[in-house]
Amino acid sequence: MTSGTAALQERRYRILVTGYAISSYGTFLNVVALSLYVYAVTDRALAVGVFMAVRLAAGFVAGLAAAAVLARWSPKGVMFWANVAQAAALLLLVLAPDGFRTGTLFAVSAVVGASGTLFMVTLRSSIPDMVGEGRHTWANSLMVSGRSMAMVAGFASSGVVVSLLGYTAAFLVDMATFLVCALTVLLLPMPMGPARGNEEKDSQGKDVEDGQGSRHSQEEEGADGPGREARRRRVPAALVALGAVPVLGLMVALRGIDALGSSSHNAALPVYSTELDADNPAVFVSVFWCVWALGNVLVQQVLQRYTKRTGRSVGALGFGLGTIAMSGTFILAFAGLPWAATVVIALLAGAADGLTEVSYTSHLQTLPSPLRTHAFGLSATVENLGFGVGMIVVAAALDVFTPLSVVGVAHGAAIVLALVYVARVLRGRGAGEAEEAHGAQEAQEAQKAQEAVPGSEAREGKQGEQGKGESGAGPARGGHRDGAEVSGG
C-alpha cells in the first residue's frame, strides 16, 4: 500500500468517525429525550422500562442476525441504511398523530435498537478493511474518543435542548445527526449494493459447492438438496469455528458480565447522587461522567502513541487487566470517598473503560473476515443481554440494598471472571513459549547430530564459514548462514 493510498484511507476514516461521533451525540440525546417523552406521553414509569426493554431486545435480535445481513449486503449499505432507518423513525414520531404516539414510540424503540446494533457490528468488523493492517488500535482509539466526547455532550445538553426547545426540536436534531452520519458513510470507497460473490463458506472459508460448482443450482434442487443442507449447517459451523478460537468464548462472556456491571453503575448513579445532594442530584452525575470521558479520551492518546512507537497493541491481556481496573474503580466511586478522590477514581475508570474497549475490539478484528462478523454479532447479542438483564435485576436490588453493595456485587462478578480470564491468557502464553523453546531445542539437537555425521553438508558449511570468518575473506562469524541447513540427499 502506497503512502498516498494510506493517507486517503485515513482521511476518509476520520470523516466517518466524525459522522459517527455526531450520530453518537444524537444517540445519547435520544436516550434522555425519548425516556422523558415516554413518561410524558404515558404517565407511567413502567412504560419507560418497557421502552428500554424493547430497545435492548431489538438490539439482541439484531446481533444474532448481523452476520446473515452482512452476508447479503455490503458493509457500506448496512451502515447507510441503519442511519437512514433511525432518522426515518424519528421523523415518523414527530409526524405521528396524538392517538398513535404510544405505539409509534415503541416502534421507534425497536428500530433504533436494531439499527444501532447493526451499525456498530458492521463498523467494528469493517475497520480492518477501511484502514489496513497494523492500524486497528489507532482506528479504534479514534472511534472510542469520538463516542466518549459525544456521550458527554449528549447527556450534558439533553436537559437544555428539551427544556428550551421542546421534544420535537430534540427529535429533529437527533434525526439530523443520523443523516449526517449516513452522508459520511456514502464517502467511503466501498460498494453500496448487495454483496457479490457470497458463496457459502465453511468454517475454513472454503466455498461450499455442488457438482456443478454453483450455489444457485444447489438452491434450485429443492428442499432436500445439498444447498438446503449447506444453509442449515452454516450457523452451527460458524459457532463451532468461533468456539475453536483460543479464549474467545471466555472473552465474550466477560464482555457480557461487564455489561451487567455497567448497568449497575448506570442505574445506581442517580440514586447515589441524590443521597449525596438531594437538592442538586445532577451535579455528581454530570461531574462524574465528564471526568470519566476525559480519562477515556486521554488513554486513547496514550494507546495511539504506544502503538505508533512499538507497533504493538495491548491485546487480549490488556482487555482482562483493564476490566479488573475498571470494575474496581467503579466500585470505589460509590464508597463515599472525598470529592478529590472520587474525581481521580472517575478519571481512572474512564481510562480503564477506554483501554478495555480498544483492546477488546482490536483483538476481535484480528480474526479472519467471516469469523470476525460472527464474533461481533455474538458480542453485541451478549452485551445487550447482559445490560438488559442487569437493568432489571439492579433496579429491583436498589430498592432493598445500597448502591455500593449493588455495584460491588455486579462489578465484583466481573472482577472474578476477569481474573479467571487473565490466568487463562497467561497460561496460554506460557504454553506457547514453552512449545517454542522445545522446538528450538529439538532443532539445535538435530543440528548437532547432523554436524557429527562425517561429510555432512551442514558440518562442512559451518567449517567453511568459520574458516572464512577467521581469514577475513568472507562473511564474519554469525553471517547469513547459521550452519542449520540439512541436506536432502
Side-chain angles (χ1 to χ4, degrees), residues 1 6 9 13 62-79 117-140 143 188-191 194-209 213 215 230-255 307 311-319 357-383 421 424-425 428-429 431-432 435:
M1 181 186 299
Q9 281 185 334
Y13 180 73
L64 293 175
V69 171
L70 287 170
R72 294 184 176 274
W73 294 90
S74 68
K76 182 176 179 178
V78 173
M79 288 190 289
T117 298
L118 279 177
F119 178 84
M120 282 309 302
V121 170
T122 306
L123 174 60
R124 288 173 173 173
S125 62
S126 301
I127 282 177
D129 301 323
M130 294 181 191
V131 300
E133 295 295 330
R135 300 286 284 163
H136 301 173
T137 299
W138 167 81
N140 293 323
M143 177 185 67
L188 293 173
M190 302 168 67
R196 296 181 180 180
N198 284 332
E199 290 80 12
E200 302 293 346
K201 307 281 184 179
D202 63 10
S203 59
Q204 283 74 39
K206 299 178 181 178
D207 291 340
V208 178
E209 300 178 347
R215 178 169 61 93
R231 292 195 302 275
R232 187 163 53 238
R233 295 182 306 185
R234 177 175 56 192
V235 173
L239 292 178
V240 169
L242 284 174
V245 179
V247 305
L248 180 60
L250 187 57
M251 194 177 206
V252 174
L254 177 56
R255 189 69 172 175
T307 303
R312 301 171 58 188
S313 63
V314 289
L317 183 60
F319 170 66
E357 174 73 16
V358 172
S359 56
Y360 178 78
T361 304
S362 298
H363 186 74
L364 263 61
Q365 285 167 352
T366 61
L367 296 171
S369 182
L371 293 184
R372 189 165 66 234
T373 302
H374 284 287
F376 278 110
L378 177 63
S379 176
T381 298
V382 171
E383 288 176 51
Y421 168 80
R424 175 69 180 83
V425 171
R429 286 189 176 186
E435 186 176 348

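- With sequence neighbours left out, L64 forms a side chain to side chain contact (heavy atoms under 4.5 Å, CB included) with F60, T381.
- With Y360 as the fixed residue, the side chain to side chain contact (heavy atoms under 4.5 Å, CB included) test singles out one of V252, N140, L254: V252.
- Using bins of under 30°, 30° to 60° and over 60° for the plane-to-plane angle, the ring pair Y13/W138 lands in the tilted bin.
- A distance-only check finds a donor-acceptor pair linking the side chain of S125 to the backbone of T122 [under 3.5 Å].
- Pairing each heavy atom of A62 with each of L118, the nearest pair is O-CD2, 3.9 Å.
- Here the OH-CG distance, from Y421 to L317, works out to 7.5 Å after rounding to the nearest 0.5 Å.
- Nearest approach of T373 to A67, heavy atoms of both residues: CG2-CA, 3.6 Å.
- In terms of modelled atom types and a separation under 3.5 Å, the side chain of T366 and the main chain of H363 share a donor-acceptor contact.
- Closest heavy-atom contact between L367 and R372: O-NH1, 3.2 Å.
- In this structure, S126 and P75 approach most closely via the heavy-atom pair OG-CB, 3.3 Å.
- Rounded to the nearest 0.5 angstrom, M120 CE and S379 OG are separated by 10.0 Å.
- A distance of 8.0 Å separates CZ in R424 from CG in L250, rounded to the nearest 0.5 Å.
- Of all the heavy atoms in A66 and V121, the pair that sits closest is CB-CG1, 3.7 Å.
- Side-chain atoms of Q365 come within 3.5 Å of backbone N or O of R124 as a donor-acceptor pair.
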- [ ] Before giving the answer on side-chain contact (heavy atoms from CB on, under 4.5 Å), spell out for M130 and L188 the whole-Å C-alpha distance, their side-chain angles and the decisive distance to 0.1 Å.
- [x] CA-CA 8 Å; M130 294 181 191; L188 293 173; 4.1 Å; yes
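- Side chain of T361 to backbone of E357: a donor-acceptor contact under 3.5 angstrom is found.
- With rounding to the nearest 0.5 Å, the separation of CG in L364 from CD1 in I127 is 11.5 Å.
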